[in-house]
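Order of appearance sets the numbers: ligands from 1, and atoms from 1 within every ligand. Sequence positions, counted from 1, serve as the residue numbers for this chain.
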Amino acid sequence: MLAVTMGDPAGVGGELILALWAARHADTPPFLMIDDAGRLEALARHLGLEVPVARLGTAAQAAEVFDQALPVLPLATPLAVPPRPGHPDPANAPAIIAAIRQAAEMALGGAVSAMVTNPISKAVLQDDGFAHPGHTEFLGHLADGAGADPVDPVMMLVAPNLDPPLRVVPVTIHLPLARVAGALSRERIVATGRVTARALKQRFGIARPRLAVAALNPHAGEQGRLGNEERALIAPAVADLKAEGITVHGPLPADTLFHEPARAEADAVLCMYHDQALIPLKTLDFFGGVNVTLGLPFIRCSPDHGTAFGLAGSGRADPRSLRAALRLAADLAAQRPPSRPTP
Ligand SMILES: NC(=O)C1=CN([C@@H]2O[C@H](COP(=O)(O)OP(=O)(O)OC[C@H]3O[C@@H](n4cnc5c(N)ncnc54)[C@H](O)[C@@H]3O)[C@@H](O)[C@H]2O)C=CC1
Ligand SMILES: NCC(=O)COP(=O)(O)O
């Protein structure tokens, strides 16, 4: 059983999950929602979807009811104001954060096999004082201290339906572009490569993962004429990873890393910043992309898109990326190779 968080209730998460439950078939693994049951019922009525809602007392009840009704566990912190699609309200931030915390606790404690998050607006949560840049960092914070090892969360986006599949890992995540070069370090690149290689082995079943490492600058720095990060940081980090026995190549010019033959050469591409990683993935398969947090002691996936406030309440948002996230979470939890959806 997967636990799915509410996300921002003014975003598209609720209607995507209603659509997926209404069209449930073998391709969509069973899940429970951590959400406000009344708001989901109202949303289903608004969209004309036949979705009975089952109010749960415990996660264990979800499996029995999933075929007949959408299982919903109540929010530990209730919504402060009725959500309005497309109009986020920071007053609901504590409920949004509580749902993420509940799912993480359930995944850590084994009450569910994995968690899947619906999109949040970082700005809306931060308007209410949320101190974390996104789920990735917040989940790392929640998981740190739960086990013996320190937690180093790493963001990976996966397009499992591409052939060959694409997996991209931004070394710096939620950071203004102007601060990227200063935030990069040999240690950060090595730590990210290490977590990625371990997760590819342990979670994705790739016995000898191959990493490609992107350069920061055009033409991989053109031998120092277009930037020195390649020589000062990235090449030494690649050497360190090689010394640890990891199969890794780089720094490689980023503009030629994502066409089909290049994708066949690597199981994951370490990128230096958010958009260097996410633009190729979302361009090649926006509706099949999944965000996975590596380095956690549990599995967390999410769709690759955000809250799409402009579509919220219209019923026009496409549920395929959320469905891909549910499927990948279930596959990773069952330790089986990622499956491809029926169209
Ligand atoms: N995992 C998460 O919680 C994520 C949250 N965000 C948040 O989302 C908010 C909005 O970010 P944007 O950059 O505008 O990205 P966005 O993904 O919400 O929207 C970008 C474009 O894609 C379209 N789109 C998004 N999802 C779609 C779907 N399911 N079907 C059809 N079209 C879809 C939107 O209508 C818009 O044109 C931000 O506040 C950001 O923090 C963004 C990415 C991931
Ligand atoms: N663009 C991806 C993104 O912002 C997702 O961040 P997170 O909330 O999964 O950390």
Side-chain angles (χ1 to χ4, degrees), residues 4-20 23 47 85-90 92-93 96-97 99-101 103-104 107 114-128 130-143 151-159 167-177 192 271 273-283 285-296 298-326 328-329:
V4 182
T5 62
M6 171 174 70
D8 194 307
V12 292
E15 62 201 79
L16 296 180
I17 218 73
L18 291 168
L20 286 176
L47 295 168
H87 299 277
D89 191 328
N92 281 330
I96 297 169
I97 296 162
I100 301 169
R101 192 185 289 276
M115 69 182 281
V116 174
T117 57
N118 265 312
I120 54 171
S121 163
K122 280 77 170 158
V124 171
L125 297 192
Q126 285 161 12
D127 280 350
D128 190 60
F130 187 58
H132 304 277
H135 287 99
T136 307
E137 300 86 347
F138 182 43
L139 293 171
H141 163 76
L142 292 178
V151 171
D152 188 5
V154 164
M155 178 186 284
M156 175 189 271
L157 275 93
V158 185
R167 302 182 191 89
V168 290
V169 176
V171 171
T172 60
I173 306 181
H174 294 115
L175 206 63
L177 189 54
T192 305
C271 299
Y273 57 96
H274 181 279
D275 283 6
Q276 190 182 58
L278 272 59
I279 287 174
L281 187 129
K282 292 192 184 188
T283 303
D285 195 7
F286 183 49
F287 293 113
V290 181
N291 177 349
V292 190
T293 311
L294 311 179
L296 297 175
F298 54 85
I299 292 160
R300 175 263 173 160
C301 293
S302 83
D304 65 1
H305 58 75
T307 50
F309 287 131
L311 288 178
S314 71
R316 287 188 289 113
D318 192 309
R320 281 177 293 171
S321 176
L322 180 55
R323 185 177 69 168
L326 291 163
L328 185 60

- Which atoms of ligand 2 have any heavy atom of Gly134 under 4.0 Å away? 8 (O), 10 (O)

- Query: Does the pair Arg101 and Phe138 meet the rule for a side-chain contact (heavy atoms from CB on, under 4.5 Å), with working shown?
  - Reply: CA-CA 9 Å; Arg101 192 185 289 276; Phe138 182 43; 4.1 Å; yes

- Write down the atom of Gln126, the atom of Pro133, and the distance for their closest heavy-atom approach. NE2-CA, 3.5 Å

- Considering only protein heavy atoms, which is closest to atom 1 (N) of ligand 2, and at what distance to one decimal place? His274 NE2, 2.9 Å

- Message: Using every non-hydrogen atom in the two residues, find where Ser302 and Thr117 come nearest and quote the distance to one decimal.
- Response: CB-OG1, 3.1 Å

- Message: Within the 4.0 Å heavy-atom shell around Leu278, which atoms of ligand 2 are there?
- Response: 1 (N), 2 (C)

- Message: As a quick check of understanding, evaluate side-chain contact (heavy atoms from CB on, under 4.5 Å) for Ile100 and Ile120, giving each step before the final call.
- Response: CA-CA 10 Å; Ile100 301 169; Ile120 54 171; 4.2 Å; yes

- Subset of ligand 2 atoms that lie under 4.0 Å from at least one heavy atom of Met155: 3 (C), 5 (C), 6 (O), 10 (O)

- Under 4.0 Å from ligand 1, residues with heavy atoms, in chain and number order, are Pro119, Ile120, Ser121, Lys122, His135, Phe286, Phe287, Ser302, His305, Gly306, Thr307, Ala308, Leu311, Ala317, Asp318

- Task: Take Leu322 and Val116 through the side-chain contact (heavy atoms from CB on, under 4.5 Å) test and state the conclusion after the steps.
- Result: CA-CA 9 Å; Leu322 180 55; Val116 174; 3.8 Å; yes

- Item | pair Leu175-His274: side-chain heavy atoms closer than 4.5 Å | no

- Message: How close do Asn118 and Met6 get, counting heavy atoms only, and between which atoms?
- Response: CB-O, 3.5 Å

- Query: Is Ser302 close to ligand 2, meaning an N/O of one under 3.5 Å from an N/O of the other?
  - Reply: no

- Between Asp285 and Ala159, the two heavy atoms sitting closest are CB-CB, 4.2 Å

- Which residues share a side-chain contact (heavy atoms from CB on, under 4.5 Å) with Phe287, sequence neighbours left out: Asp318, Arg320

- Ranking Glu137, His135, His132 by closest non-hydrogen atom to atom 7 (P) of ligand 2, top hit is His135

- Going by the angle between their ring planes, with limits at 30° and 60°, are His141 and His132 parallel, tilted or perpendicular? tilted

- Message: Check for me whether His305 has a heavy atom closer than 4.0 Å to any atom of ligand 2.
- Response: no

- Among all protein non-hydrogen atoms, which one is nearest to atom 10 (O) of ligand 2, and what is the separation to 0.1 Å? Thr136 OG1, 2.6 Å

- Query: Just which atoms of ligand 2 are under 4.0 Å from any heavy atom in Lys122?
  - Reply: 3 (C), 4 (O), 5 (C), 6 (O), 7 (P), 8 (O)

- Would you mind checking which non-hydrogen protein atom is closest to atom 4 (O) of ligand 2, with the distance to 0.1 Å? His174 NE2, 2.8 Å

- Item | Among Leu296, Val154, Ile173, Leu294, the one residue meeting side chain to side chain contact (heavy atoms under 4.5 Å, CB included) with Thr136 | Ile173

- Message: Using a 4.0 Å cutoff against the non-hydrogen atoms of Arg300, which atoms of ligand 2 qualify?
- Response: 9 (O)

